[in-house]
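First up is the structure itself, then whatever we jot down about it.
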Amino acid sequence: MTDITNSAPWRRLETLARGLATRRTIDLFGAEPGRAMAFSLEAAGLYLDYSKNRVSLEALATLFDLARAAGLPAAIERMFAGAKINATENRAALHAALRDFSGRQYIVDGENVAPSIDAAREKMKSFAGRYERGELKGFSGAPIDTVVNIGIGGSDLGPLMAVEALRPYWLRGRRCFFVSNVDGQHLADTLATLDPARTLFIVASKTFTTQETMTNAHSARDWFLANGGAVKDVARHFVALSTNAKAVADFGIAPENVFGFWDWVGGRYSMWSAIGLSIALQCGWSTFEALLRGANEMDQHFRSAPVEKNMPAILALIGVWNRNFAGAAAQAILPYDQHLHRLPAFLQQLDMESNGKSVTATGEKIACATGPVIFGEPGTNGQHAFYQLIHQGTDIIACDFIAAAKPASPLSDHHEKLLANFLAQTEALMLGKSESQARAELAAEGKGPADIDRLAPHKVFPGDRPTNSILFERLTPGALGALIALYEHKVFCQGVIWGINSFDQWGVELGKALAMKILPELSAPGGARPASADHDGSTRRLIEKINALRAT
Ligand code: G6Q
């Protein structure tokens, strides 16, 4: 694979970055009239303003050259064409097909998979309809009204984020819980609030072998059987979302209770498949379909728009600029929307698991920084916690500010205050505050010269902190779908530029394997084996310490 850092656009960007490092972002607005207009665009109901990044028109044009040098347009086509772009797992990445209702063909291994997608959607739709109408009855004859999704990682974060985001669309009288952690407390705390006769457990696991999910699923079934359910009732109270029919059957779930999907749906890209069943149950099928259609609108834009007018590509290129040329080590996701409170966690997996890699898709060492650290919290809460570092710390943190113009629940002037804070933060991060401004303010407060000297350094804000602003009218299912698809494609575009396979995740394997080795060394009712001499001294001692603490 050719090294993108040797390309002419990359070298040009390095030169441009050196020049821009000493310029103020605000001055670019003067030097480039119409910048706010030129550095913004609309797609699929979303508005993106990227003008508050310290990037010039010339640098932007060079970023577009970089995308072409990396072969981005062809890579986009290859993804939609079902090519096996996840080469290490020999799989396509066709999650976009799951939200296409156009009847278009999607070919995998020479076969059109569109009919099987339709059939899987119909099965989910029919089940969701029965749940909504109260036709799913538990072992006592009472309607089932509570869902527990047992899954982890890609089988948890997407549905959980979406169910929280779509709270105004919840069906009345329905509850939905998510259990992911192998820490038994997560399941125990959830079960404590449930009536087994009215509860449906969804075991969501693509592989149906994941330690955490299988442990939680078995414990949930034990709880169900110990609290009034009989073995014959398991069929009414447990369904599976999986590609592993055999393991599901071994667990005791009947084939009619299995919602299948395919190996070309990656875990963190799977909320559009059967893995989204909890969304369809809690919010109703029409809401789930609107979510898919919103994502599809972004897909259509992504597939057809030229790079210069392509929102996911632009978001990706601005990210590359900040990461590789403007020194940003991290990317904050800052939704000014309480219902999006799990969006940062979802995007953390999407981005860090996809692009947190050091070798190219063909195995060569990558010569530049790749995926940034992703973190975030909803505004305005974050302002009272970690924004200090973003404003005045020694690292550059690129920020995405996200907000709806209209609130889900109008309540006096809450939303205006929320939006005022959103705008104020992006403005403050760009403008900063100079020492002379800080001194003038202190003088205006009546401070004497000694106090002004002492306090002024603390009141200086360097500014030029890069931000994107993403706006939409209201957080509808369609807007949410478009937003998630925007980030999925952004991550893909960055992977293409860095030469990464964004669809595998080998980095999670090593710890999993070691955990299996350590498990029998921890004391259990049957007694523990001694800690293996193979461990390093620290791990061996920690195992012994844990066993000693547990023995008392
Ligand atoms: C996501 C990852 C990972 C996966 C979980 C759960 O892209 O592959 O987060 O989703 O490990 O896997 P299962 O669905 O197979 O249980």
Side-chain angles (χ1 to χ4, degrees), residues 79 85-96 98 120 148-162 178-183 186-187 201-220 238-251 253 258-279 342 344-357 361 371 374 484-485 487-492 494-495 500-516:
M79 177 170 74
I85 56 176
N86 177 359
T88 59
E89 296 181 307
N90 196 30
R91 291 174 182 167
L94 261 188
H95 42 282
L98 300 168
V148 181
N149 186 86
I150 297 177
I152 196 165
S155 299
D156 168 72
L157 286 161
L160 169 56
M161 174 275 298
F178 291 83
V179 174
S180 52
N181 202 328
V182 77
D183 181 345
H186 199 179
L187 181 66
F201 291 96
I202 298 178
V203 186
S205 177
K206 182 176 170 183
T207 55
F208 230 72
T209 57
T210 304
Q211 185 194 51
E212 293 91 331
T213 301
M214 297 327 296
T215 305
N216 279 322
H218 281 102
S219 296
F238 283 78
V239 299
L241 320 176
S242 188
T243 58
N244 186 348
K246 162 129 192 7
V248 172
D250 291 348
F251 182 87
I253 294 179
V258 183
F259 296 84
F261 54 112
W262 308 270
D263 73 352
W264 42 263
V265 182
R268 55 195 173 277
Y269 299 87
S270 65
M271 59 179 270
W272 321 101
S273 70
I275 291 293
L277 185 66
S278 53
I279 311 169
R342 294 300 290 165
F346 170 78
L347 293 183
Q348 198 166 54
Q349 178 188 29
L350 179 67
D351 202 317
M352 294 173 79
E353 207 163 64
S354 297
N355 288 342
K357 294 167 189 166
I374 306 285
I484 301 308
Y487 276 101
E488 285 180 351
H489 296 321
K490 170 209 157 164
V491 166
F492 170 69
Q494 291 189 332
I500 286 172
N501 171 6
S502 300
F503 298 103
D504 61 11
Q505 56 284 316
W506 298 103
V508 302
E509 295 302 327
L510 179 60
K512 274 196 212 172
L514 280 177
M516 294 307 277

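Just so you know, ligand 1 is whichever comes first in the structure, and atom 1 is the first atom listed for that ligand.
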Return each pair, listed once, that meets salt bridge (Lys or Arg N to Asp or Glu O under 4.0 Å) where at least one residue sits in residues 204-213; pairs must be two or more places apart or across chains.
none
Between Asp156 (side chain only) and Val179 (backbone N and O only), is there a donor and an acceptor less than 3.5 Å apart?
no
Donor-acceptor pair, Ser242 side chain versus Ser205 backbone, under 3.5 Å?
yes
Which protein residues have a heavy atom under 4.0 Å from ligand 1?
Ile152, Gly153, Gly154, Ser155, Ser205, Lys206, Thr207, Thr210, Gly267, Arg268, Gln349, Glu353, Gln505
According to ring-ring contact (aromatic ring centres under 6.0 Å, His included), who are the partners of Tyr269, at least two apart in sequence or on a separate chain?
His95, Phe503
Kindly state whether the ring of Phe251 and the ring of His218 have centres lying under 6.0 angstrom apart.
yes
Could you pull out all donor-acceptor pairs under 3.5 Å where a side-chain atom in residues 504-515 meets a protein atom, sequence neighbours excluded?
| residue | atom | partner | partner atom | Å |
| --- | --- | --- | --- | --- |
| Asp504 | OD1 | Lys357 | NZ | 2.8 |
| Asp504 | OD2 | Thr88 | OG1 | 2.6 |
| Asp504 | OD2 | Asn501 | ND2 | 3.2 |
| Asp504 | OD2 | Trp506 | NE1 | 3.1 |
| Gln505 | OE1 | Arg268 | NH1 | 2.5 |
| Gln505 | OE1 | Arg268 | NH2 | 3.4 |
| Trp506 | NE1 | Thr88 | OG1 | 3.0 |

